[in-house]
Undergrad: 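My questions all concern the structure below.
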Amino acid sequence: MADRQAKLARLRTELGVDPYGQRVDGLISLAAAKALFKPELEGDARPVAAVAGRVVLHRDIGKLIFMTVRDSTGDLQVAVSKKAVDEKAFELAKLVDLGDVIVARGPVGVTKTGEVTVWASGVEMAVKSLAPPPEKWKGLQDPELRYRRRYVDMYVNPEVMTVLQQRSGIISGVRRYLENRGYTEVETPMLQPIPGGAAARPFVTHHNALDIDLYLRIAPELYLKRLLVGGMPKVFEINRNFRNEGISPRHNPEFTMLELYEAFADYQVMMDIAEGVIRKLAQDVIGKTTIAFRGLEIDYGKPFRRATYFELFEEANGFPVSAHDRLVQKARELHLESAGKAHDVLLQEVWERTVEGEERFGQPIFVMDYPASLCPLTRPKPGNAAVAERFELYIAGMEIANAYTELNDPAVQEANFRQQLAGLDDEQANFRNLDEDFLNALKVGMPPAGGMGIGIDRLIMLLTGMASIRDVIAFPLMKPVTSGGEAETPSA
RNA sequence: GACUGGGUAGCUCAGCUGGUAGAGCAGCGGCCUUUUAAGCCGUUGGUCGAGGGUUCGAGUCCCUCCCCGGUCACCA
């Protein structure tokens with residue numbers, strides 16, 4: 001750090017160079033510069049490019065200096081020959097450290113070994129880096145450092161950049177897909193007086209002027225439905241939800257969720273949208289329909305399997321869901337406590353241990369038609385009150401989408417809300433309240449509708465092949481580090 | 001939250017049953033006009049995560065705590 005500070009001073013005093021650069025016009029990406037190379041052209045006929053990039057390798061062999069520079073499109077070699085540049089530029093090239101960002105202009109040619117190279121006629125310092133860079137070959141490996149100093153990780157480990165760019169492509173691809181279907185993107189409150197739409201612990205905050213507690217939303221659902229009541233036919237929102245729960249490779253306290261609601265649709269329509277958008281993203285953003293994830297080859301090109309809860313249960317256990325005695329026996333085999341539990345509760349516990357899992361839920365599968373008692377906020381199947389019109393999409397064992405034919409009967413909704421509230425413990429009761437305004441909206445009348453939520457971060461994990469949610473979020477939450485009462489000084 | 005693995009130089013890592021803290025890269029000083037992790041010669045650099053304990057002596061053994069990864073739980 002001190003050595004670099006000294007070099008920064010030398011740039012100013014000896015070379016009269018501003019180590020923090022200035023506006024540069026006419027820059028092209030390193031990939032574009034590389035593409036300009038024409039092997040048949042030599043000397044002055046070679047195309048000239050102006051490029052900028054962070055120096056990741058610096059080979060000074062005396063009167064000739066090779067640098068490998070990197071930008072978001074890749075790496076390119078820049079050569080600075082003492083003969084080809086003025087004295088000041090050559091001295092500047094000598095003073096370049098790994099991590100500096102430079103601007104180089106010159107013909108795009110090759111070296112003896114055939115590597116495409118910008119043969120600099122001019123070199124400038126765009127910004128002097130004061131922090132020592134990570135090891136140049138092994139790079140930045142320590143996962144803690146990588147997440148804490150993502151700005152270093154991003155250039156040291158180029159796949160990080162790739163994933164973040166693919167993330168952007170996936171999200172804009174989702175928008176395009178839904179807009180093409182006539183959907184309107186909306187934004188609903190993230191600061192909510194009553195957190196609703198999911199079963200999760202919220203973050204609490206406080207508004208000073210109004211002197212009220214507010215909650216960071218755990219889901220946008222109840223507001224999106226209000227928009228349906230108001231007359232919007234097809235709405236979606238892609239934005240952050242916040243849940244005050246544990247952190248894991250599949251859970252970040254803030255995460256990006258897509259929710260969509262379509263009037264006069266049902267969960268079958270949502271199933272088609274889920275399958276359609278995911279397949280399209282694989283094709284358009286990743287460029288293939290078979291993608292490796294945690295050792296699995298996931299095929300997004302084939303139609304996704306669609307099976308009911310009841311079928312899958314029987315397939316895995318060899319007896320139907322209605323066979324109570326067999327269920328109790330199975331529960332005993334699994335060391336589950338069955339005494340005093342309702343049939344459907346026990347059913348779900350056995351389901352979680354026998355049906356879910358990679359062998360059955362590895363390839364994309366829609367699990368449809370859950371027992372109604374497990375989904376109190378879902379509309380039952382017409383003519384069969386025991387079955388809820390709900391599906392969950394599983395891929396690689398992860399829950400990716402959850403969809404319903406939405407309940408729009410305010411009386412049933414209110415009864416279900418009240419039943420839910422009655423079953424809460426004291427801690428949960430602190431923030432769960434009856435959202436009377438939402439019930440009022442249902443009384444105004446919400447058209448029948450299908451609705452769905454898709455965990456965007458998890459979808460990005462699948463499509464990019466990243467095993468941890470932290471790898472698809474630019475700045476995942478990390479506990480702040482302090483040492484001796486002082487904040488850690490960044491160095492890498 | 002539980003279990004488990006880890007934290008040693010800026011980075012990547014070694015350090016055995018306790019005996020003066022090491023390497024490579026980076027850095028610094030030299031040489032070098034076609035290198036490819038350039039090379040060669042010389043060289044600087046440490047609160048061994050923090051605190052306590054055992055011991056003549058602790059990176060190493062014991063205790064407490066902090067941070068990170070993984071698995072599980074909660075959840076999406």
Side-chain angles (χ1 to χ4, degrees), chain A residues 1-7 55-68 75-85 90 93-94 97-99 109-117 119 129-149 152-153 156 197-202 218-219 221 240-259 352 392-394 398-402 428 452-459 461 467-471 476-485 488-492:
Chain A
M1 189 83 81
D3 296 325
R4 286 166 178 257
Q5 199 79 53
K7 281 192 189 177
V55 177
V56 293
L57 294 170
H58 186 262
R59 295 178 289 277
D60 180 349
I61 55 171
K63 298 189 177 63
L64 180 62
I65 299 164
F66 291 100
M67 288 180 267
T68 303
D75 291 357
L76 185 62
Q77 179 166 267
V78 171
V80 183
S81 164
K82 192 170 168 64
K83 277 197 314 198
V85 297
F90 191 71
K94 284 261 179 196
D97 285 313
L98 299 183
V110 278
T111 61
K112 275 182 181 169
T113 53
E115 176 155 354
V116 175
T117 298
W119 289 93
S129 175
L130 293 175
E135 211 269 347
K136 70 183 179 187
W137 185 239
K138 293 278 186 68
L140 199 61
Q141 298 282 322
D142 178 4
E144 180 172 359
L145 270 183
R146 291 186 56 198
Y147 296 134
R148 287 191 191 281
R149 300 216 244 282
V152 176
D153 191 26
V156 171
R201 269 212 293 283
I218 55 176
E221 172 164 344
R240 226 67 63 80
N241 289 346
F242 307 85
R243 297 189 183 176
N244 209 338
E245 309 276 356
I247 296 177
S248 85
R250 282 168 287 281
H251 303 263
N252 197 59
E254 52 177 313
F255 63 102
T256 299
M257 183 88 160
L258 162 69
E259 282 202 22
E352 282 166 7
E392 292 192 303
L393 169 62
Y394 285 88
M398 285 195 295
E399 187 190 329
I400 296 302
N402 188 11
Q428 289 177 312
M452 173 161 68
I454 294 182
I456 293 294
D457 306 283
R458 288 183 177 179
L459 181 60
M461 287 168 66
S468 170
I469 196 167
R470 295 189 186 94
D471 292 321
L477 183 69
M478 301 289 279
K479 199 158 180 170
V481 180
T482 53
S483 60
E488 287 257 302
T489 47
S491 51

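Order of the sequence lines sets the chain letters (A, B, ...), proteins ahead of strands, with each chain counted from 1. Everything quoted here is computed from the prediction, not taken from an experiment.
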Undergrad: B:U33, B:U35, B:C67: which one has an atom nearest the side-chain heavy atoms of A:Lys82?
TA: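 Within the option list, the nearest is B:U33.
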Undergrad: Any donor-acceptor pair, under 3.5 Å, between the side chain of A:Glu115 and the base of B:U35, if you only look at N and O atoms?
TA: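 For A:Glu115, whose side chain was compared with the base of B:U35, there is no donor-acceptor pair (under 3.5 Å).
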Undergrad: Both distances below 3.5 Å, Watson-Crick or wobble geometry, any strand: find the nucleotide opposite B:G27.
TA: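 Base-paired to B:U43.
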Undergrad: Once side chain to side chain contact (heavy atoms under 4.5 Å, CB included) is applied, do any residues pair with A:Ser248, and if so which ones, sequence neighbours excluded?
TA: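 Once residues adjacent in sequence are excluded, the partners of A:Ser248 under the side chain to side chain contact (heavy atoms under 4.5 Å, CB included) criterion are A:Arg250, A:His251.
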Undergrad: Could I get a table of every N or O pair under 3.5 Å where one atom is in the protein and the other is in nucleotides 37-40 of chain B?
TA:
| from | atom 1 | to | atom 2 | distance (Å) |
| --- | --- | --- | --- | --- |
| B:A37 | O3' | A:Lys136 | NZ | 3.4 |
| B:A38 | OP1 | A:Lys136 | NZ | 2.6 |
| B:A38 | OP2 | A:Arg59 | NH1 | 2.6 |

Undergrad: Starting the side chain at C-beta, find the nucleotide from B:C28, B:G10, B:A76 nearest to A:Pro132.
TA: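 My answer, after comparing the listed nucleotides, is B:G10.
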Undergrad: Among B:U35, B:C28, B:U12, which nucleotide has an atom closest to any side-chain atom of A:Asp3?
TA: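 Nearest nucleotide to the side chain: B:C28.
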Undergrad: If you define the side chain from C-beta out and look only at heavy atoms, does anything of A:Met67 sit under 4.5 Å from A:Val80?
TA: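 The answer is yes, as the side chains (C-beta and beyond) meet within the 4.5 Å cut-off.
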Undergrad: Between A:Leu98 and A:Asp142, which residue's closest nucleotide on RNA chain B lies nearer the 5′ terminus?
TA: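 Residue closer to the 5' terminus by nearest nucleotide: A:Asp142.
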Undergrad: Report yes or no: does A:Lys94 contribute a side-chain atom to a donor-acceptor pair with the main-chain N or O of A:Asp60 at less than 3.5 Å?
TA: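 Between the backbone of A:Asp60 and the side chain of A:Lys94 there is no qualifying donor-acceptor contact (under 3.5 Å).
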Undergrad: Using atom names, set out every protein N or O paired with an N or O of nucleotides 69-72 of chain B below 3.5 Å, distance rounded to 0.1 Å.
TA:
| from | atom 1 | to | atom 2 | distance (Å) |
| --- | --- | --- | --- | --- |
| B:G69 | OP1 | A:Arg470 | NE | 3.1 |
| B:G69 | OP1 | A:Arg470 | NH1 | 3.1 |
| B:G69 | OP1 | A:Arg470 | NH2 | 3.4 |
| B:G70 | OP2 | A:Arg470 | NH1 | 3.4 |

Undergrad: Go through B:U12, B:U35, B:C28 for me and flag the one nearest to the A:Asp97 side chain.
TA: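 My answer, after comparing the listed nucleotides, is B:C28.
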Undergrad: Within less than 4.0 Å of OP1 or OP2 of B:A76, is there a side-chain N or O belonging to A:Arg458?
TA: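 Looking at the OP1 and OP2 atoms of B:A76, neither is under 4.0 Å from any side-chain N or O of A:Arg458.
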Undergrad: Would you say the side-chain atoms of A:Trp119 pair up with the backbone N or O of A:Thr111, donor to acceptor, closer than 3.5 Å?
TA: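 A pair under 3.5 Å: no.
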